[in-house]
Structures are given as C-alpha cells and as structure tokens.
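Whatever order the structure lists ligands and atoms in, that order sets their numbers, starting from 1. Predicted model only: the values in this text are computed from it and were never measured.
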Amino acid sequence: MMQAITILGSTGSVGKSTLDVVSRHPTKFKVAALTANNNHELLLEQCVVFQPELVVMVCDQAASNLQASLKVKGLSHIQVESGVDALINAAVTPSCDTVMSAIVGAAGLLPTLEAVRAGKRTLIANKEPLVMTGDLFMREAKRSGASVLPIDSEHNAIFQCMPQDQTKKGVRRLHLTASGGPFLGRVWSELANITPEQACAHPNWSMGQKISVDSATMMNKGLELIEATALFNIPANNVEVVVHPQSIIHSMVEYLDGSFLAQLGAPDMRIPIAHALSWPERIESGAATLDITEIGKLNFQRPDMVNMPCLRLAREAAEQGGALPIVLNASNEVAVAAFLNKEIPFTSIANVISNTMQALSDLAVDDLESVLNIDNEARVVAARALDSASW
Ligand code: NAD
Ligand code: MG
C-alpha cells in the first residue's frame with residue numbers, strides 16, 4: 001500500500017534527504033504535505049516534483065510568494081497555508097499516514113506531539129521536543145498507538161540493535177557514539193575565537209547550522225543522551241557516551257551476557273531515514289556501500305568531560321530530570337542563535353546554559369503547559385545571561 005508522508009521541515013538537511021529517499025520509491029511513497037519556515041523558492045521546487053496536497057510556510061509573506069509562484073506553474077490546486085497553527089494541520093491531515101518530524105528546535109514540539117496524538121506513524125529527527133517532554137511524549141504515543149521511530153542516527157542504530165519486541169529484556173547499557181565534532185582533542189578554554197563557519201564545518205556529517213554548532217560543543221550528544229532516556233525508557237546512568245571519530249558505528253546495545261550489538265554504516269542520514277520509512281521492511285537508501293577494509297581501523301575513547309562542559313551540563317540535566325532538560329534545551333537554543341549572530345563567543349555558550357540552569361533549577365513540570373512556561377522562562381533568563389557573556 002502507498003504510504004503518504006508529511007515532512008515537517010522539508011527544506012532542511014533531513015527534509016531534503018527524506019525527499020531523496022522518497023523519490024527513489026515512487027510506488028511505495030507519496031507526499032501528503034510539506035512545511036518550511038520561509039524558504040519559498042525551495043518549497044516551490046519540491047511542490048513541482050512531489051505534488052503535495054498541502055504546503056505550510058510559517059512566514060506569511062513567504063506563503064504569499066509561494067502561492068503566486070504555484071499559480072504561474074499551474075499548480076493552484078496545491079493548498080497553501082501559513083502560520084504556526086497551520087503546521088499542526090499538516091501534521092494531522094487525514095490523508096497522511098506518516099509524519100517526518102524534521103523541524104529544528106522547540107518549534108517542532110506542538111506539531112510533532114499532535115502527530116503522535118493523532119496516531120500517525122512518527123519519525124523523529126527533531127530531538128528537542130523529546131528532550132523537553134520525554135515521558136509525556138512517549139505516554140501520548142502509547143495512548144494513541146502511534147509508532148515512534150527514531151531518525152537520529154544513534155537512536156536509529158539502537159532501535160535496530162534492541163530486542164525485536166523493543167522491550168529492554170537482557171539489556172544492560174546503551175553506548176551512544178560521538179564523533180567528537182571538529183574540535184576533538186582541543187582545550188575548551190582555547191576555543192573562544194572559533195567562528196560560526198569553523199563550528200559548522202563538521203568532519204563527517206553535513207547538517208543544519210544549529211545541530212552543527214551543537215556537535216561542535218558536544219551539546220548534541222548531551223541532547224541525544226536525554227533523547228535516549230525518553231525513547232528507550234532507560235535511566236541516564238545506563239547510557240554511556242563513547243567518542244568514535246570515524247562515525248561508522250552509530251551506537252551499540254550492551255546485553256547482560258556481555259554481547260554488544262552495533263549498527264554500522266556510512267555517515268549518511270538516508271540510511272536511518274530509509275530504515276524508518278520502510279520498517280519493518282528494508283529498502284534502498286541511495287547511500288554508498290561501506291567498505292570496511294578501506295576504513296581499516298575504528299577508534300574509541302572516553303569523552304574528556306573537562307573539555308566538554310556542554311556534555312557535562314546535559315548529563316547533569318539528564319540525571320536530575322524535572323525542569324532541567326527543558327531549561328538546558330531552551331538556553332542552548334538562545335545561546336547558539338547568539339553565537340551564530342556573532343553576539344557571544346563560542347565558549348560562552350556553556351556559560352549561558354550553566355547560569356540559566358542555576359537560576360531555574362527547581363521548577364515543577366506537570367503537564368504540557370508547564371513545559372511551555374518553563375521553556376519561555378528559560379529563554380528570558382538566557383537572553384539576560386547573554387549580556388554578561390557578550391564580547
Ligand atoms: P535544518 O536547519 O537544515 O532544517 C530545519 C528545517 O526546519 C527547515 O525546513 C526550516 O524551514 C524549518 N524550520 C526552521 N525553523 C522553524 C520554525 N521556527 N518553525 C517551523 N519550521 C522551522 O535542520 P536539520 O539539520 O535538518 O535538523 C532538523 C532536526 O533534525 C534537528 O532537530 C536536528 O537536531 C535533527 N537531526 C538532524 C540531523 C542531520 O543530519 N541534519 C541528524 C540527526 C538529527
Ligand atoms: Mg545524532
């Protein structure tokens with residue numbers, strides 16, 4: 001049967017890779033809806049090729065531009081909506097079976113949660129919503145019966161290595177691999193003059209700007225640690241991080257008997273995307289075959305927690321739980337945006353997060369409303385912390 005897919009964030013790195021996989025299997029997949037923030041030119045190209053029923057742009061002006069261009073191309077039958085609420089329409093539209101959640105940051109929370117509540121098969125690349133709502137998110141999935149399939153390469157690897165029924169039967173620990181990013185081996189305090197261009201130049205993966213900076217600070221692995229505790233319902237102290245610079249082993253599951261199961265592959269997001277789109281079957285992803293003899297050696301080392309302050313803060317948030325993961329995520333988004341705008345030095349990202357966590361350590365989280373309130377409050381406190389962190 002044809003699977004109809006909505007892609008939230010189709011103009012981003014994961015969104016484009018998803019469309020690449022979809023285009024390789026025209027008899028299996030079709031596109032129900034596409035969404036983007038403001039890149040109407042690329043969304044137009046995607047409309048021409050994939051002919052969705054609905055497109056949503058967050059920016060009103062970009063939506064008007066897109067509508068005008070669609071008319072010129074004779075594609076006026078494609079419905080165009082704009083605004084944040086319309087993202088939810090795209091996520092729950094009855095004609096879609098599967099939602100790829102590939103917006104960056106907390107902006108993806110509400111549409112992704114609504115997709116899960118509507119019982120859609122939901123593919124999670126956008127890790128920030130899981131970091132913010134953890135158990136609540138997974139509870140909603142259980143209630144609606146929605147399948148939640150991880151796209152983040154580490155979590156997709158773990159999913160593939162877990163027992164088939166996805167219980168934790170016999171599992172001792174999870175090992176998340178981390179490339180270490182572009183500054184592996186460097187002393188943190190000596191990174192103050194790093195530019196956004198240097199921080200975004202990841203050695204193995206080509207990704208959006210925010211996750212590239214997160215990879216350079218190691219916050220990405222910290223967010224993934226929290227993501228893993230939610231997805232696999234496992235305590236943070238049973239999730240290890242191991243630095244593996246080649247990014248060939250995408251993560252490992254350690255069993256009680258001493259067995260380790262690992263998933264290997266080229267560092268190409270089309271592999272986890274194809275896996276999740278077709279699960280439980282397998283399809284071609286377009287990724288190059290891995291030649292392990294070419295690679296020759298795989299290296300592993302413990303993370304240097306002294307020079308990875310963001311990973312340290314994330315582990316603290318993961319272990320303490322409560323409001324801290326929400327505060328960590330929100331203050332990180334504020335700090336990374338300020339760094340990309342050249343308002344604060346690279347190394348101040350950790351200070352902004354640490355100050356915000358200290359200021360907001362004991363807020364209670366009961367429901368979605370409290371999550372959104374804490375997220376807001378943390379953004380206000382972090383914005384204030386930027387002043388003392390600026391150049
Ligand atoms: P990206 O910046 O390349 O793309 C982001 C997409 O979200 C774009 O389509 C953009 O239009 C849309 N968007 C941005 N801000 C928005 C907003 N406020 N409201 C609605 N839409 C908005 O990002 P990416 O690298 O594709 O990453 C997307 C998510 O997937 C992130 O959460 C990231 O952590 C996760 N992820 C990415 C990769 C990767 O290889 N790129 C790997 C694993 C996980
Ligand atoms: Mg990852």
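- Scanning M100, K127, M57 for the heavy atom closest to atom 34 (O) of ligand 1 points to K127.
- Put simply, no part of K210 is less than 4.0 Å from ligand 1, judged by heavy atoms.
- Taking a cut-off of under 4.0 Å to the non-hydrogen atoms of N126, the atoms of ligand 1 that pass are 29 (C), 30 (O), 32 (O).
- Nearest residue to atom 6 (C) of ligand 1 from A102, A106, A125 is A102 (criterion: closest heavy atom).
- Under the 4.5 Å side-chain heavy-atom criterion for ILVMFWY residues, a single connected hydrophobic cluster contains both L54 and V99.
- Although no hydrogens or angles enter the test, the distance criterion places no donor-acceptor pair under 3.5 Å between the side chain of H155 and the main chain of L231.
- Taking hydrophobic clusters as Ile, Leu, Val, Met, Phe, Trp and Tyr residues chained together by side-chain heavy-atom distances below 4.5 Å, L184 does not share a cluster with F300.
- Under the rule for a salt bridge (Lys or Arg N to Asp or Glu O under 4.0 Å), the partners of R270 that lie at least two apart in sequence or sit in another chain are D20, D268.
- No heavy atom of N39 sits closer than 4.0 Å to any atom of ligand 1.
- T122 places a side-chain N or O within 3.5 Å of a backbone atom of K120 that can act as its donor or acceptor partner.
- Atoms of ligand 1 found under 4.0 Å from any heavy atom of T11 (numbered from 1 in listed order, with element): 8 (C), 9 (O), 10 (C), 11 (O).
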Evaluate the criterion ring-ring contact (aromatic ring centres under 6.0 Å, His included) for residue pair F159 and W279; output intermediate values, then yes/no. CA-CA 11 Å; F159 183 90; W279 182 83; 5.6 Å; yes
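- Backbone and side-chain nitrogen or oxygen atoms of Q209 are examined, and none is located within less than 3.5 angstrom of a nitrogen or oxygen of ligand 1.
- Around the Mg ion (ligand 2), the protein N, O or S atoms closer than 2.8 Å are D152 OD1, E154 OE1, E224 OE2, listed by chain and residue number.
- Across L130, V131, N37, heavy-atom proximity to atom 13 (N) of ligand 1 is greatest for N37.
- The shortest heavy-atom distance from G15 to ligand 1 is not under 4.0 Å.
- Ligand-side atoms of ligand 1 in range of G9: 6 (C), 7 (O), 9 (O), range being under 4.0 angstrom from any heavy atom.
- Test I5, V31, V55 against F50 for side-chain contact (heavy atoms from CB on, under 4.5 Å) and you get one pass: V31.
- An N or O contact shorter than 3.5 Å is missing between L87 and ligand 1 by distance.
- When I103, D268, I211 are checked for heavy-atom proximity to atom 36 (N) of ligand 1, I211 turns out nearest.
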